[in-house]
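Each residue takes its place number in the sequence, starting with 1.
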Amino acid sequence: PEDFEYRHEAFDMYLASGYTLSPTSFIRQVDKLQAGTALIFSVGSSPRIKRYENYAVPPAAAVSHGDVVAEMANRFPEALERRTPTSGRAGLLLSSGVDSKTILGALSQNWSCDLVAYTFEYKGYAGHLNEADDARRCAEYFGVPHHSVQVDPGVIPDRVYDHIARFSDPVSYGLHTLVMDEVRSDGITDVFCGTGADGAWYLGSQQVGALEWSKRSPFVRRSVEASVLLAQAALEYMHEKGVAKSRRYVPLHPTVWSARTRLPRLVTALIAPSHVRRTLFSDPALPKRAEDARWSTLTQALHDNCSLPSHQRFRVLQTMFYGADMMQNWNYWSARAHGLNIHAPYYDRQVLDFIWGQELLSQNKDELRSYAATMMPEEMARRGKLAQSVPIGEWLKGPLKQWVLDELSSHQSVDGGLFDRNAIQSMIEELRSNAPLPYSTAWTIWGVVMILIWMRTFTPIRGRRKLSESRQSVLIEAG
């Protein structure tokens, strides 16, 4: 719609987690389709949403560790075969993690093709976040050519503007995938990636703990949950009053029981915790409204799948939201921007049917690592993964500093009072200081900048002339 309204709750969701849960979008008059659904148009009737993905999986009999590994050895190569391009040539986004290494091993053993491995490497950065050396050793073991894709922070601003304008979504953790030109310039049109093993296959420690917690008596749950919530409130109060000076997120996750779904409500923040967001927005009640909206979406998804066992419902949520709305979203958009077809074999339905039938697998992906160890040295399969994240703190203090300062300085002409002026000024001062940026703070600043760029790109008709004039005056004052 030309004259639309911003959905401020979506901005808070994005700052909390790096993405918004479908059907929530940044525009109040527009909803996103959830994963596994399609919009059906019929002559003479109104459009309707139809779910084509059935998440119900019959519970399987408990099998041993070795049986899981053997079954994966049968199903995973078939999943790859269903996705192999007819051209006989493909690329693989290879990290230091076992997910993409397993794909490399399985493709090397089961598919005679022209395969090239690509690893993102952050230019001008020599820290632990670069994974190229470990990935290169794995590629050399299988005799597969390996290329490092240089991620130059100098090209990021232009790529961000183009991505938001073309795909109407801001960029968070998938920032490095904006530079996939080298893959396409090599003549590659099909690319495999390791997205999907997290969440869809393996539950995290919070989910496993929540499943165990659900078995406790109601009296014990309510007593402990009340204590945790009080402790969380006390910690957030200390942050607000400056008693606790660090802005890092305190890893205390309150669990609130949901009688409707009989599953715990996990309140988490991957980027900016609630006490930071309450001071960031002009309306301090916005994070609470956004959290209620987020939980309403999750509750409905759980209720729609209430016939499934608890462990399967957790995996459904991971697949529908974290997998589709975040990981697959930026993987697919970035690939499409460069004319690439992305393939994620861990989402193969026949593979998922088997994995989802198992109540719990190890949290360290031990079954997958054991399968990988049948194709590569044990040390290579068991090696822990490095953090797959761009060095955002270093970039904001270095090559992206002036660009980010310019964007933050113009916020009043763009955000319509969404952000608190003092909070933005505090960010500007942190960028100008000599102190390093904590992880959470760096990603919060990045998220605010992405929202500002998005709001400048998508502005209601009624405000465009005024916005254009005010933006011009800000640029003149800034020189």
Asks: Is it the case that the side chain of Arg137 and the backbone of Met380 share a donor-acceptor pair, with hydrogens and angles ignored and the cut-off at 3.5 Å?
Replies: no
Asks: Taking Glu430's backbone N and O only, do any of them form a donor-acceptor pair with Ser433's side chain (distance below 3.5 Å, no angle check)?
Replies: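 Between the backbone of Glu430 and the side chain of Ser433 there is a qualifying donor-acceptor contact (under 3.5 Å).
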Asks: Do Phe419 and Phe281 make the cut of ring centroids closer than 6.0 angstrom?
Replies: yes
Asks: Do NZ/NE/NH1/NH2 and the carboxylate oxygens of Arg136 and Glu131 come within less than 4.0 Å?
Replies: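 Looking at Glu131 together with Arg136, the answer is no, because their closest N to O distance does not fall below 4.0 Å.
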Asks: Any sub-3.5 Å donor-acceptor pair from Ser25's side-chain atoms to Ile27's backbone N or O?
Replies: yes
Asks: Can you tell me how far apart CG (Leu94) and NE2 (His147) are? Round to the nearest 0.5 Å.
Replies: 12.5 Å
Asks: Considering only NZ, NE, NH1 and NH2 on the basic side and carboxylate oxygens on the acidic side, decide whether Arg83 and Asp190 come within less than 4.0 Å.
Replies: no
Asks: For the rings on Phe76 and Tyr346, is their centre-to-centre separation under 6.0 Å?
Replies: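 Here the rings of Tyr346 and Phe76 have centres that are less than 6.0 Å from each other.
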Asks: Would Leu431 and Leu437 count as a side chain to side chain contact (heavy atoms under 4.5 Å, CB included) here? Give the steps.
Replies: CA-CA 8 Å; Leu431 284 170; Leu437 286 174; 3.9 Å; yes
Asks: When you measure from the side chain of Thr297 to the backbone N and O of Ala293, does any donor-acceptor pair fall under 3.5 Å?
Replies: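 Checked: pair present.
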Asks: Salt bridge (charged side-chain N to carboxylate O under 4.0 Å, His left out): which pairs involve residues 11-21, sequence neighbours left out?
Replies: Asp12-Arg277
Asks: Do Asp292 and Lys288 meet the salt-bridge criterion of a basic N to acidic O distance under 4.0 Å?
Replies: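 Looking at Lys288 and Asp292, the cut-off is met.
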Asks: Any side-chain heavy-atom pair from Leu33 and Pro23 closer than 4.5 angstrom?
Replies: no
Asks: Are the side chains of Val179 and Val155 in contact, using a 4.5 Å heavy-atom criterion?
Replies: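 Counting from C-beta outward, Val155 and Val179 do come under 4.5 Å.
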Asks: How about Tyr141 and Pro377: do any of their side-chain heavy atoms sit closer than 4.5 Å?
Replies: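 Yes; the side chains approach each other to less than 4.5 Å.
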Asks: Charged N to carboxylate O under 4.0 angstrom, Lys101 versus Asp134?
Replies: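 Counted as a salt bridge, because a side-chain N and a carboxylate O are separated by less than 4.0 Å.
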Asks: How long is the span from the OG1 atom in Thr119 to the CG atom in Leu93, to the nearest 0.5 Å?
Replies: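 Answer rounded to 0.5 Å: 8.5 Å.
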Asks: Working note: Phe26 + Phe11, criterion ring pair (Phe, Tyr, Trp, His ring centres under 6.0 Å); need CA distance, chi angles, decisive distance, verdict.
Replies: CA-CA 7 Å; Phe26 287 169; Phe11 295 142; 4.8 Å; yes
Asks: Side chain to side chain contact (heavy atoms under 4.5 Å, CB included), that's the test. Do Ile164 and Phe458 meet it? Break it down for me.
Replies: CA-CA 9 Å; Ile164 291 177; Phe458 300 97; 3.9 Å; yes
Asks: Quick check against the 3.5 Å criterion: does Trp446 have a side-chain atom that pairs as donor or acceptor with the backbone of Val171?
Replies: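 Present.
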Asks: Given ring pair (Phe, Tyr, Trp, His ring centres under 6.0 Å), test Tyr161 with Trp454 step by step and report yes or no.
Replies: CA-CA 8 Å; Tyr161 292 132; Trp454 188 92; over 10 Å; no
Asks: About how many Å separate CG of Leu400 and CD1 of Ile445, when rounded to the nearest 0.5 Å?
Replies: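 These two atoms lie 12.0 Å from each other.
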Asks: Kindly compute the distance separating CG (Asp415) from CG (Leu408), expressed to the nearest 0.5 Å.
Replies: 10.5 Å
Asks: Can you list the steps and then say if Tyr6 with Ile451 is a side chain to side chain contact (heavy atoms under 4.5 Å, CB included)?
Replies: CA-CA 11 Å; Tyr6 295 131; Ile451 290 175; over 6 Å; no
Asks: Contact between Met427 and Leu280 at the side-chain level, heavy atoms closer than 4.5 Å - yes or no?
Replies: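 Sidechains of Leu280 and Met427: in contact.
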Asks: Quick check for you: to the nearest 0.5 Å, what is the distance between Met376 atom CE and Thr102 atom OG1?
Replies: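 Interatomic distance, Met376 CE to Thr102 OG1, rounded to 0.5 Å: 5.5 Å.
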Asks: Ignoring hydrogens and geometry, is there a side-chain-to-backbone donor-acceptor pair from Asn331 to Met327 under 3.5 Å?
Replies: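 Confirmed, Asn331 side chain pairs with Met327 backbone.
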Asks: Salt-bridged, Asp181 to Arg159, with N to O below 4.0 Å?
Replies: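 Between Arg159 and Asp181 there is a salt bridge, with a charged N closer than 4.0 Å to a carboxylate O.
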Asks: Listed by chain and number, what are the side-chain hydrogen bond (donor to acceptor under 3.5 Å, both in side chains) partners of Thr177, not counting sequence neighbours?
Replies: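 Here the qualifying residues are Ser334.
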Asks: Identify, with sequence neighbours excluded, every residue that meets side-chain hydrogen bond (donor to acceptor under 3.5 Å, both in side chains) alongside Arg336.
Replies: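 Here no residue qualifies.
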Asks: Could you check Thr20, Asp169, Thr37, Thr24 and say which one makes a side-chain hydrogen bond (donor to acceptor under 3.5 Å, both in side chains) with Lys32?
Replies: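 By the side-chain hydrogen bond (donor to acceptor under 3.5 Å, both in side chains) criterion, Lys32 pairs with just one of Thr20, Asp169, Thr37, Thr24: Thr20.
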Asks: From Ser426 OG over to Asp420 CG, what is the distance, rounded to the nearest 0.5 angstrom?
Replies: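 The distance works out to 10.0 Å.
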Asks: Any chance CZ of Arg289 has more than 12 other-residue heavy atoms, nucleotides or ligands included, within less than 6.0 Å?
Replies: yes
Asks: Would you check, one step at a time, whether the test side chain to side chain contact (heavy atoms under 4.5 Å, CB included) holds for Tyr14 with Met450?
Replies: CA-CA 10 Å; Tyr14 171 76; Met450 290 300 98; 3.4 Å; yes
Asks: Measure the shortest side-chain to side-chain distance between Pro287 and Glu291 over non-hydrogen atoms and say whether it is less than 4.5 angstrom.
Replies: no
Asks: Within the structure provided, determine whether Glu407 and Ile453 are in side-chain contact (heavy-atom separation under 4.5 Å).
Replies: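 Of all side-chain heavy-atom pairs linking Ile453 with Glu407, at least one is under 4.5 Å.
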